[in-house]
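Indexing begins at 1, ligand by ligand and atom by atom, following the structure's order.
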Amino acid sequence: MRRARWAGARARLTAAVTSLVILAACANTKQNVLDPQGQVARDEDRLWDIVFPIAIFFFFVVGILTILIVIKFRDKGDDRAPKQVHGNTILEAGWTAIPAAILLVIGILTVSTVIDINRKAEGADVLEVTVVGHQWWWEYEYPQHRVTTANEMHIPVGTKVNVTLKSDDVIHSWWPPKLAGKVDVIPGRTNHMVIEADKPGTYYGQCTEYCGLSHANMRLRVIAQSKDDFATWASDQAQDAATPTAGEAAEGAALFRSKGCSGCHTVKGFAVGQVGPDLTHFSSRETFAGAIFDRNNENLRRWLLDPPKEKPMQPDRNLGMPNLHLTDDEITKLIAYLDTLK
Ligand code: CUA
């Protein structure tokens with residue numbers, strides 16, 4: 001009696017946890033794969049629209065038949081051997097030919113879509129962006145604009161973007177679900193994908209290949225802008241940073257050098273570090289540290305106080321930013337300097 005009650009409670013608990021997990025996945029509308037916002041994502045979504053109903057239909061047909069057969073032909077305790085059947089040509093031909101025909105249609109649609117979406121975009125207005133995966137942040141290079149930025153990729157709307165994917169260390173996977181499917185970022189290999197956004201907006205994504213300690217903290221944003229806004233953004237980003245000459249910001253710039261920040265970070269016109277994200281126009285970004293923090297003074301202060309505490313990293317293995325043991329006063333000055341990097 002007690003055991004039965006426990007089994008019932010356990011079944012209810014399992015059902016509750018399962019539905020919670022499923023509902024939690026639904027709630028993530030920012031990265032909803034079923035809400036395509038560009039041509040590439042729509043092509044992929046169309047495949048799902050065709051394949052999923054077919055799969056669901058057969059799931060129920062097979063499931064229900066299995067249950068009915070289990071009930072109807074169960075051992076009734078009379079020990080008689082079941083009736084022996086030696087095949088049915090029509091049935092067998094049917095259940096071979098029909099699935100084969102369905103799979104052929106799905107196969108043709110899938111292969112042609114895969115070929116379509118893997119074709120590099122061509123044309124005068126196509127934007128080229130190179131994504132470089134790092135433990136644990138994304139670098140974006142715009143060879144046509146001589147721009148380098150991090151984590152937040154800006155693109156113009158209604159424009160095909162050729163994305164070239166490379167890795168600096170281990171395997172990552174770059175995925176903005178509303179714009180395109182994921183593509184792996186593999187050391188020693190160059191992959192390609194095309195993305196396109198219909199409307200201005202921020203499209204969220206993240207690394208989807210386990211890449212070490214802060215894999216979960218390797219997020220990304222694609223910020224789609226009108227063509228004019230994008231052109232303004234790109235020309236602003238191509239400028240060198242102006243180095244402040246007075247006040248706290250100037251003292252911060254001096255600290256940026258003396259504390260070693262400049263050994264890892266590039267600030268065009270001021271520092272040429274090659275390890276961490278390019279900070280030339282840091283204050284034009286919404287986020288920092290793998291796009292896990294909103295960029296504001298409070299978060300920056302916490303970050304500079306002890307980076308590996310805010311985001312798990314392994315500075316002892318040259319992975320991520322070390323704790324520089326900065327004083328409050330030094331942090332204030334560094335933030336004042338970062339504020340000038342618009
Ligand atoms: Cu990069 Cu996971």
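- Checked for salt-bridge contact, Glu196 and Lys160 meet the test: a charged N lies under 4.0 Å from a carboxylate O.
- Using a 4.0 Å cut-off between charged side-chain N and carboxylate O, Arg221 and Glu152 make no salt bridge.
- For residues 106-130, every residue pair satisfying the salt bridge (charged side-chain N to carboxylate O under 4.0 Å, His left out) rule, not counting sequence neighbours, is listed here: Asp116-Arg119.
- Comment: Lys342 does not engage Asp236 in a salt bridge, judged by the lack of any side-chain N to carboxylate O separation of less than 4.0 angstrom.
- A salt bridge links Glu330 with Lys259; the closest basic N to acidic carboxylate O contact falls under 4.0 Å.
- Ring pair Phe52/Phe57: centre-to-centre distance not below 6.0 Å.
- Protein N, O or S atom count below 2.8 Å of atom 1 (Cu) of ligand 1: the structure gives 4.
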